[in-house]
J.: 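Okay, here's the structure, questions in a sec.
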2 protein chains.
Amino acid sequence: MRNQNKMRQSGCPVAFSLDTFGDRWSLLVIREIMLLGKTTYSDFQNIDEGIASNVLADRLKHLEAEGILAKHRDPDNRRSYIYSLTEKGRDLASIMIEIILWGGRHDQRPQAIRRAVDEIKKDRDGFEENIRAG
Amino acid sequence: MRNQNKMRQSGCPVAFSLDTFGDRWSLLVIREIMLLGKTTYSDFQNIDEGIASNVLADRLKHLEAEGILAKHRDPDNRRSYIYSLTEKGRDLASIMIEIILWGGRHDQRPQAIRRAVDEIKKDRDGFEENIRAG
DNA sequence: ATTATTAACTTGTTATTTGCAAGTTATTAG
DNA sequence: CTAATAACTTGCAAATAACAAGTTAATAAT
């Protein structure tokens, strides 16, 4: 794995947070679950940004170990697993929202997708409560 | 450099944000400037978490290219440069605050430093305005 | 009942990035 | 004039990531 499990023990809450969920792929997986309702390994493999299979496996394992994600069998299909956010994972909602809003403010590209940005601007609290409800 | 400059063009604001500032070292450098008043290359080299010199140079270059940091000569010492946050960089304040708060909520380690957490809890708006004032 | 397909990974290999030690250049301090 | 310092850069080994292919168990199709 990477750097995250070394836990440099600086005691800083920022470093702690980053060690727990702060890398590109972890946050994109969290986005998929939190915002796009994706739940399975194959859902994540289809992420637009294209994650490698071994890296995805590594990140899922790490996020589960950190208590951000939970993994359960799919009751309707014994070869599937369903990944979901734990309470601790849903508590990332406000960070995710701020990341989206910042992106919305500074992304000038024509292909920028504004859907989530607009939704949050319209009713931020509702958006957040919705995530936290699980 | 890494991955960040590939800009996978997914159009997603989360991916955009992560490509701009979303890796461990970038965020730790931003923490140093935003919260600890550090401004120089040698300040950053002394980060508790221990960043490699070549990686630091890479991240500073990237953050400057992305318009998060500005680099100016130190008027009092011609061999120094002073790095500072741009408006766009200071606009990361709310993300940083949420990251700190999340860390504060979930870091159970005895050595966890609560200073910033407590300050933000006491007066979040003041804390944020202070950062945004530059 | 076989065979094909799917889901979730794992493995092997190559490419990229990181970490670490040392070196460079332009100041500034003694 | 010599030693330090600031900000990098370079070289190289080690760790990670990307890419392609393979494995195993379970479901779907014939």
Side-chain angles (χ1 to χ4, degrees), chain A residues 1-10 15 18-29 32-33 37-66 69-84, chain B residues 1-10 15 18-19 21-29 32-33 37-65 69-84:
Chain A
M1 221 183 268
R2 304 128 306 127
N3 202 301
Q4 292 185 327
N5 42 1
K6 279 183 199 163
M7 285 282 178
R8 298 275 200 329
Q9 304 292 69
S10 70
L18 295 177
D19 286 337
T20 307
F21 62 80
D23 84 286
R24 175 184 173 85
W25 292 123
S26 295
L27 281 161
L28 290 179
V29 166
E32 295 295 300
I33 306 183
K38 301 302 170 68
T39 58
T40 67
Y41 194 91
S42 32
D43 282 342
F44 306 142
Q45 287 251 78
N46 293 326
I47 272 186
D48 283 337
E49 291 84 2
I51 186 169
S53 186
N54 52 347
V55 175
L56 174 57
D58 173 84
R59 295 304 186 279
L60 290 172
K61 202 169 291 179
H62 176 73
L63 289 171
E64 197 191 347
E66 292 292 343
L69 297 183
K71 179 183 180 180
H72 294 109
R73 296 204 96 100
D74 181 343
D76 303 330
N77 185 344
R78 289 186 44 74
R79 62 198 154 151
S80 282
Y81 290 91
I82 292 183
Y83 289 92
S84 58
Chain B
M1 222 184 269
R2 303 129 307 132
N3 199 301
Q4 293 186 330
N5 43 0
K6 278 186 197 162
M7 285 283 180
R8 298 273 200 328
Q9 305 290 67
S10 70
L18 295 177
D19 285 338
F21 61 81
D23 85 285
R24 175 182 173 86
W25 293 123
S26 295
L27 281 161
L28 291 180
V29 165
E32 295 294 301
I33 307 184
K38 301 301 169 68
T39 59
T40 66
Y41 194 92
S42 32
D43 282 342
F44 306 143
Q45 287 251 76
N46 293 326
I47 274 185
D48 282 336
E49 289 83 3
I51 185 169
S53 186
N54 53 346
V55 174
L56 173 57
D58 174 83
R59 295 303 187 279
L60 289 172
K61 202 170 287 179
H62 177 73
L63 289 172
E64 196 190 346
L69 297 184
K71 179 183 179 182
H72 294 107
R73 297 204 95 98
D74 181 342
D76 302 330
N77 184 343
R78 288 186 47 73
R79 66 200 153 153
S80 283
Y81 290 92
I82 292 183
Y83 288 91
S84 58

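Just so it is clear: chains get the letters A, B, ... in the order the sequence lines come, proteins before strands, and each one is counted from 1. Every value quoted in this text rests on a predicted model; they were computed, and no experiment measured them.
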J.: How far apart are the C-alpha atoms of B/R59 and B/L28, what are their side-chain angles, what is the distance that settles it, and do they pass the side chain to side chain contact (heavy atoms under 4.5 Å, CB included) test?
T.: CA-CA 10 Å; B/R59 295 303 187 279; B/L28 291 180; over 6 Å; no

J.: With heavy atoms under 4.0 Å as the rule, sort A/Y83 into base, sugar-phosphate or nothing.
T.: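 A/Y83: backbone/sugar contact only, no base atoms under 4.0 Å.
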
J.: Could you tell me how far apart B/D58 (CG) and D/dA7 (P) are, to the nearest whole angstrom?
T.: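 One finds 17 Å between P of D/dA7 and CG of B/D58, rounded.
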
J.: Please compare B/Y41 and B/N54 by the position of their nearest nucleotide in DNA chain D and report the one closer to 5'.
T.: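 It is B/Y41 whose nearest nucleotide is closer to the 5' end.
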
J.: I need the CZ-C1' distance between A/R78 and C/dA8, as an integer number of Å.
T.: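 Taking atom C1' of C/dA8 as the reference, CZ of A/R78 is at 14 Å.
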
J.: What integer distance in Å separates B/Y81:OH from C/dT28:P?
T.: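 So the OH-P distance, B/Y81 to C/dT28, works out to 11 Å.
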
J.: What about A/S53: does its side chain form a donor-acceptor pair under 3.5 Å with the base of C/dT10?
T.: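 Flag set: donor-acceptor pair detected.
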
J.: If you compare every side-chain N and O of B/S42 against the phosphate oxygens of D/dT5 (OP1, OP2), does one of them come in below 4.0 Å?
T.: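 No, outside the criterion.
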
J.: A side-chain contact here means heavy atoms from C-beta on lying under 4.5 Å apart; do A/H72 and A/Y81 qualify?
T.: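 No. Closest side-chain heavy atoms not under 4.5 Å.
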
J.: Separation of B/K61 atom NZ from D/dA7 atom P, in whole Å?
T.: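 Going from B/K61 (NZ) to D/dA7 (P), I get 15 Å.
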
J.: Expressed in angstrom and rounded to an integer, what is the separation of B/L56 atom CG from C/dG19 atom C1'?
T.: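 Nearest whole value for this atom pair: 13 Å.
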
J.: Residues in side-chain contact (heavy atoms from CB on, under 4.5 Å) with A/D43, at least two apart?
T.: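 For A/D43 the side-chain contact (heavy atoms from CB on, under 4.5 Å) partners, ignoring immediate neighbours, are A/K38, A/T39, A/T40.
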
J.: Take A/L60 and B/R73, find for each the nucleotide of DNA chain C with the closest heavy atom, and name the residue whose nucleotide sits nearer the 5' end.
T.: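 Comparing both residues, the 5'-ward one is A/L60.
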
J.: Please state how far atom CZ in B/R24 lies from atom P in C/dT18, giving the value in whole angstrom units.
T.: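 Atom CZ in B/R24 sits about 12 Å away from atom P in C/dT18.
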
J.: Would you state whether a donor and an acceptor, one from the side chain of A/R79 and one from the base of C/dT6, lie under 3.5 Å apart?
T.: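 Indeed there is one.
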
J.: Please check the phosphate of D/dA6 (OP1 and OP2 only) for any side-chain N or O of B/K71 closer than 4.0 Å.
T.: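 No, B/K71 has no side-chain N/O under 4.0 Å of OP1/OP2 on D/dA6.
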
J.: Strictly distance-based, threshold 3.5 Å: is any side-chain N or O of B/Y41 a donor or acceptor partner for the main-chain N or O of B/Y83?
T.: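 No; judged by distance alone, with no hydrogens or angles, the pair does not exist.
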
J.: I need the CG-P distance between A/N77 and D/dA28, as an integer number of Å.
T.: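 It is 7 Å, rounded to the nearest whole Å.
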
J.: Nearest-Å distance, CD (A/Q45) to C1' (D/dA21)?
T.: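 Computing the A/Q45:CD to D/dA21:C1' distance gives 13 Å.
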
J.: For residues B/D58 and B/W25, determine if any side-chain heavy atom of one lies less than 4.5 Å from a side-chain heavy atom of the other.
T.: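 Side chain of B/D58 against side chain of B/W25, heavy atoms only: no contact under 4.5 Å found.
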
